[in-house]
**Student:** 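One structure, pasted below without further comment.
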Amino acid sequence: MGIFDYFRSTPPKSASVAKERLQIIVARERAHRSGPDYLPALHRELLAVIRKYVQVDDQAVQMNLEREGDCEVLELNITLPDKD
Amino acid sequence: MARIVVITSGKGGVGKTTTSAAIATGLALAGHKTAVLDFDVGLRNLDLIMGCERRVVYDFVNVINGDANLRQALIKDKRTDNLFILPASQTRDKEALTQDGVERVLNELSQDFEFVICDSPAGIERGAMMASYFADEAIVVTNPEVSSVRDSDRMLGILASKSRRAERGESAMPARLLMTRYSPERVQKGEMLSIEDVQDILSIDLLGVIPESQAVLNASNSGVPVVLDEASDAGQAYMDAVARFLGEERPHRFTTFEKKSFFGRLFGG
C-alpha cells in the first residue's frame with residue numbers, strides 16, 4: 001500500500017453487509033423451524049375456508065407465532081381484497 | 001463413561017476432519033484415551049488426515065455388521081499414545097450406518113475410552129444425523145463466510161431437536177463454536193465477518209479461533225494432525241482449544257492484526 005492508497009476513500013465494507021443479510025435470514029429460518037409442524041397445513045386450510053366466501057390470494061393470510069414465557073400467541077392477519 | 005463429542009458444521013470444506021484429527025490428537029497428547037470416528041460413509045478421509053490410510057483393514061460398517069470386532073477395526077495411532085481411529089466404510093450403501101449399530105459401537109467405546117470424537121460428514125443426511133444423535137456435546141466448525149454461518153445455525157437447530165438428549169427431554173446439547181480460516185487482517189479491513197459478528201448471529205460460546213494458515217495444508221499433505229506442528233499458529237490455536245475443552249481458561253490468540261507502521265505503509269513495505 002503506497003501513499004496514494006492511504007488517502008483513498010474507504011470502500012464499502014462487505015463484512016457489515018454480510019452480517020446484516022445473515023441476521024435477517026437466520027431470524028426468519030429460526031422462526032420457521034421453531035413453529036409447530038402443523039402451521040403450513042393450518043395455513044392451507046384457512047385459505048381454503050376463506051375462499052369459500054371471498055376470493056383472496058395466497059399472501060392474504062399471514063401467520064405469526066410469538067412466544068412470551070410459557071404463553072404462545074398465534075397471530076392471524078387476513079387481508080380482504082379491496083371493494084370494487 | 002466416555003464424553004461423546006460431535007464435530008459438525010452443516011457445510012462441507014470448513015475443516016471438520018482437520019478439527020477432528022487435531023482435537024482428538026490434542027486430547028490424547030494431554031493423556032486422555034481417545035477414539036476418533038469417521039461417520040462419512042462412502043467418502044472416507046479421516047484416515048488420510050491422520051496418516052493411517054494404508055493400515056485400514058476393517059471399518060465402522062464391518063463392526064456394525066459383525067464382520068469384525070472393535071479391537072480389530074480400531075487403528076492405533078503410531079505417533080500419539082492413547083489415540084485410536086475408526087475409519088468410515090467405503091460402501092455406497094448409506095443405510096449401512098444403522099442407529100442400533102452406531103449405538104452399540106458407541107456404548108462399547110464408552111467403556112474403554114475417555115473421549116469419543118465423532119467426525120460428522122457435511123450435510124444433514126443420515127451420516128450427519130448418526131454422528132450427532134448420541135453426542136453429549138458438539139463443536140460447530142464455522143468459517144467466517146455467509147453460507148457456513150447460515151448452515152451452522154441450521155445445524156444448531158438440528159442438534160437442539162434431533163438428538164437422543166432432546167428426545168429424552170434432557171437439557172439442550174451444549175454446543176461451542178470453533179472458527180476456522182480466520183484472517184484478522186481481512187476482518188480489520190471490513191472484508192470478513194469478525195468473531196463477534198458470528199457469535200452475535202449464532203449466540204453460542206466460543207471454543208477457539210484457528211487462523212488461516214499454510215500449516216493446515218502442509219499437515220494434511222503429510223498426514224500429520226496439525227497440532228503436532230507445534231511451531232505453527234494453527235497448531236497452537238488448536239492446542240489452546242483443546243485446553244479450553246478440558247476446562248482451562250486461555251485467552252484467544254491470533255485474533256488481532258498488527259498494523260504496519262506509518263513509514264511501512266508509506267513505502268509500500
Side-chain angles (χ1 to χ4, degrees), chain A residues 1-48 57-78, chain B residues 10-11 124 140 142-163 166 172 175 177 179 181-204 212 255 257-269:
Chain A
M1 205 191 261
I3 190 160
F4 294 109
D5 296 316
Y6 200 73
F7 293 111
R8 207 168 52 186
S9 65
T10 46
K13 303 278 194 266
S14 64
S16 49
V17 178
K19 187 178 183 184
E20 213 181 295
R21 290 174 61 215
L22 272 169
Q23 279 173 326
I24 293 166
I25 189 70
V26 162
R28 216 172 71 184
E29 287 174 349
R30 276 183 196 164
H32 189 77
R33 70 172 178 246
S34 66
D37 297 340
Y38 59 76
L39 278 187
L42 177 62
H43 185 257
R44 270 197 308 276
E45 285 178 36
L46 278 171
L47 260 179
D57 61 21
D58 287 358
Q59 301 304 309
V61 176
Q62 298 287 339
M63 291 171 42
N64 190 22
L65 190 75
E66 280 191 28
R67 245 174 233 138
E68 281 173 42
D70 292 341
C71 185
E72 276 187 325
V73 178
L74 179 64
E75 189 185 297
L76 268 182
N77 216 328
I78 303 168
Chain B
K11 189 176 181 298
I124 49 176
V140 179
T142 308
N143 286 172
E145 198 250 320
V146 284
S147 50
S148 174
V149 177
R150 179 201 208 170
D151 289 358
S152 291
D153 188 70
R154 182 88 204 277
M155 188 48 75
L156 286 167
I158 290 171
L159 293 174
S161 60
K162 303 243 157 46
S163 68
L177 173 67
M179 185 98 111
R181 306 202 66 168
Y182 194 66
S183 167
E185 182 178 2
R186 301 203 71 185
V187 170
Q188 200 183 54
K189 285 184 186 162
E191 296 172 353
M192 184 182 272
L193 290 164
S194 70
I195 303 159
E196 294 76 22
D197 290 340
V198 176
Q199 272 192 285
D200 267 1
I201 292 159
L202 297 179
S203 39
I204 55 172
E212 172 80 62
T255 54
F257 176 60
E258 298 301 322
K259 241 184 181 169
K260 278 186 210 158
S261 69
F262 177 71
F263 286 103
R265 286 162 160 271
L266 198 61
F267 297 109

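Chain naming here is simple, since letters A, B, ... match the order of the sequence lines and numbering starts at 1 in each.
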**Student:** If you measure from NZ on A/Lys19 to CG on B/Asp200, what distance do you get to the nearest 0.5 Å?
**Tutor:**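 Interatomic distance, A/Lys19 NZ to B/Asp200 CG, rounded to 0.5 Å: 3.5 Å.
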
**Student:** Among residues at least two apart in sequence or on other chains, which ones pass side chain to side chain contact (heavy atoms under 4.5 Å, CB included) with A/Asp57?
**Tutor:**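 For A/Asp57, the residues satisfying side chain to side chain contact (heavy atoms under 4.5 Å, CB included) (neighbours in sequence not counted) are A/Gln59, A/Ala60.
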
**Student:** Once side chain to side chain contact (heavy atoms under 4.5 Å, CB included) is applied, do any residues pair with A/Leu39, and if so which ones, sequence neighbours excluded?
**Tutor:** A/Pro36, A/Leu42, A/Met63, A/Leu74

**Student:** Please indicate whether A/Glu29 has more than 12 foreign heavy atoms, meaning atoms of other residues, nucleotides or ligands, lying under 6.0 Å from its CD.
**Tutor:**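 Correct, the count exceeds 12.
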
**Student:** Evaluate the side-chain proximity of A/Leu22 to B/Leu193: yes if any heavy-atom separation is below 4.5 Å, no if none is.
**Tutor:**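 Heavy-atom side-chain distance check passes, below 4.5 Å.
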
**Student:** Atom CG of B/Asp197 and atom CD of A/Gln23: how far apart are they, to the nearest 0.5 Å?
**Tutor:**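 These two atoms lie 8.0 Å from each other.
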
**Student:** Take a 6.0 Å sphere around CZ of A/Arg30 and say whether it holds more than 12 heavy atoms from other residues, nucleotides or ligands.
**Tutor:**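 It does: A/Arg30 CZ has more than 12 such atoms within range.
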
